[in-house]
S.K.: 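Supplied in structure tokens, the structure appears directly below.
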Amino acid sequence: MEKNLDEKLNFVIDILGDKYPAPETELNHDSPFELLVATILSAQTTDVQVNKVTEELFKEYDSPDDFARLSPNELADKIKSIGLYRNKSKFIVESSRIILADFDGQVPRNFSDLLKLPGVGRKTASVVLVGAFSTPAFPVDTHVFRVSNRLGLASSDRVEEVEEQLKDLIPEELWADMHHWLIFHGREVCKARSPKCEICRLKNYCNYYQKKGG
DNA sequence: AACTCGGGGCA
DNA sequence: TGCCCAGAGTT
């Protein structure tokens, strides 16, 4: 028997009141620009790796000006320890140049301008808005997408729709906590490949677990 | 809608 | 050691 949405949501919110381990899911940064770079670097890779590379990078460079002067190849050499480094180097150098040319050297503070930067899609833009400018947004990455769908907090194969459903369902003051929890839960428990349903506190509320025959 | 970029983690 | 994982751009 499927529980209703409010009941599920309230149960998750109860859990948020408890202590749950804070994993390395945060991108460290000292400036909006550093967060932007870290977030572009983070596509398809883990935050732990990205934090290491970003920290090294920003010992040597820190402004859009510094990065705009680099050649993509030069930058690529410095970020080889993470994947997709040629693309990411081009994105970062080009984004830096656009920031200088079109945005007065400042990282844009709104969604549509952020999307004009190469390497910045809806997930990256949302992460920057929340992390650098405390603007309410709900970055839907694969963890948020998978967990929300499995649990039944959302139901769609389109990220945009999942984002809308979650924002409708969850009170705005809880967006940050819920987002953090969904990512934590997706990484540690509700994993893509072999989810640890047996230790999941939400299994009795979970569509995926019910369907599995748990 | 499918393909590409790429290294790190884990079976 | 080969398969799986994590976004954005291009064709």
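Every chain is numbered from 1, with letters handed out A, B, ... down the list of sequences.
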S.K.: Please list all pairs passing the salt bridge (charged side-chain N to carboxylate O under 4.0 Å, His left out) test where one or both residues lie in residues 122-137 of chain A, with sequence neighbours left out.
M.R.: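 Only A/Arg122-A/Glu163 qualify under salt bridge (charged side-chain N to carboxylate O under 4.0 Å, His left out).
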
S.K.: Could you list the residues that satisfy side-chain contact (heavy atoms from CB on, under 4.5 Å) with A/Ser81, not counting sequence neighbours?
M.R.: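 Per chain and number, A/Ser81 pairs via side-chain contact (heavy atoms from CB on, under 4.5 Å) with A/Val53.
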
S.K.: In whole Å, I'd like the distance from the CG atom of A/Leu114 to the P atom of C/dA8.
M.R.: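 Spelled out: CG on A/Leu114 to P on C/dA8 is 12 Å.
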
S.K.: So, for A/His179 and A/Trp175, is the gap between ring centers shorter than 6.0 Å?
M.R.: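 No, too far apart.
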
S.K.: Can you tell me, in whole Å, how much space there is between the C1' of C/dA8 and that of B/dG9?
M.R.: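 Comparing C1' positions in C/dA8 and B/dG9 gives a spacing of 23 Å.
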
S.K.: Look at the side-chain N and O atoms of A/Arg122 and state whether any lies under 4.0 Å from the OP1 or OP2 oxygen of C/dA8.
M.R.: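 Result: no.
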
S.K.: Please check if any side-chain donor atom of A/Asn110 sits under 3.5 Å from a side-chain acceptor atom of A/Ser112, or the reverse.
M.R.: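 Present: a donor and an acceptor within the cut-off.
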
S.K.: In whole Å, I'd like the distance from the CZ atom of A/Phe145 to the P atom of C/dG7.
M.R.: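 A/Phe145 atom CZ is separated from C/dG7 atom P by 12 Å.
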
S.K.: Using the C1' atoms only, state how far B/dC10 lies from C/dG7, rounded to an integer number of Å.
M.R.: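 The answer is 22 Å between these two C1' atoms.
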
S.K.: So what does A/Ser42 touch, heavy atoms closer than 4.0 Å: a base, only the sugar-phosphate, or nothing?
M.R.: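 The residue A/Ser42 makes no contact with any strand.
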
S.K.: Step by step, would you call A/Thr46 with A/Gln49 a side chain to side chain donor-acceptor pair (under 3.5 Å)?
M.R.: CA-CA 6 Å; A/Thr46 70; A/Gln49 296 171 265; 2.9 Å; yes

S.K.: Each residue besides A/Tyr208 in its hydrophobic cluster should be listed here, by chain and number; the cluster joins Ile, Leu, Val, Met, Phe, Trp and Tyr at side-chain heavy-atom distances under 4.5 Å.
M.R.: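 Grouped by the 4.5 Å side-chain rule, A/Tyr208 forms a cluster of one, so the answer is none.
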
S.K.: Kindly list each side-chain donor-acceptor pair under 3.5 angstrom involving residues 133-144 of chain A, sequence neighbours excluded, with atom names and distances?
M.R.:
from: A/Thr135; atom 1: OG1; to: A/Phe133; atom 2: O; distance (Å): 3.4
from: A/Asp141; atom 1: OD1; to: A/His143; atom 2: N; distance (Å): 3.1
from: A/Asp141; atom 1: OD1; to: A/Val144; atom 2: N; distance (Å): 2.9
from: A/His143; atom 1: ND1; to: A/Arg146; atom 2: NH2; distance (Å): 2.9
from: A/His143; atom 1: NE2; to: A/Arg187; atom 2: NH1; distance (Å): 3.0

S.K.: Does A/Leu36 belong to the same Ile/Leu/Val/Met/Phe/Trp/Tyr cluster as A/Tyr61, with side-chain heavy atoms less than 4.5 Å apart forming each link?
M.R.: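 Hydrophobic grouping puts A/Leu36 with A/Tyr61.
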
S.K.: Considering only heavy atoms of chain A and a distance under 4.0 Å, specify the first and last nucleotide of DNA chain B in 5' to 3' order that meet this criterion.
M.R.: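 Nucleotide range in contact with chain A: B/dC5 to B/dG8.
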
S.K.: Give me the distance, rounded to whole Å, that separates C/dG9 from B/dG8 when you measure between the C1' atoms they each carry.
M.R.: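 Roughly 23 Å separates the two C1' atoms.
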
S.K.: Atom CD of A/Glu160 to atom P of C/dA8: distance rounded to whole Å?
M.R.: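 Rounding to the nearest Å, CD of A/Glu160 and P of C/dA8 are 11 Å apart.
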
S.K.: Name the residue closer to the 5' end of DNA chain C, choosing between A/Leu117 and A/Thr45 according to the nucleotide with the nearest heavy atom.
M.R.: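 By nearest-heavy-atom nucleotide position, the 5'-most residue is A/Thr45.
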
S.K.: Give me the residues of residues 78-101 of chain A where at least one heavy atom lies under 4.0 Å from an atom of DNA chain B, by number, or none.
M.R.: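 Correct list: A/Lys80, A/Ser81, A/Ile82, A/Gly83, A/Leu84, A/Tyr85, A/Arg86, A/Asn87.
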
S.K.: Does A/Lys88 use its side chain to pair, donor to acceptor, with the backbone of A/Ala43 at less than 3.5 Å?
M.R.: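 Side chain of A/Lys88 to backbone of A/Ala43: a pair is present.
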
S.K.: Roughly how many Å is it from CZ in A/Arg158 to C1' in C/dG7, rounded to a whole number?
M.R.: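 Checked: the CZ to C1' distance equals 17 Å.
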
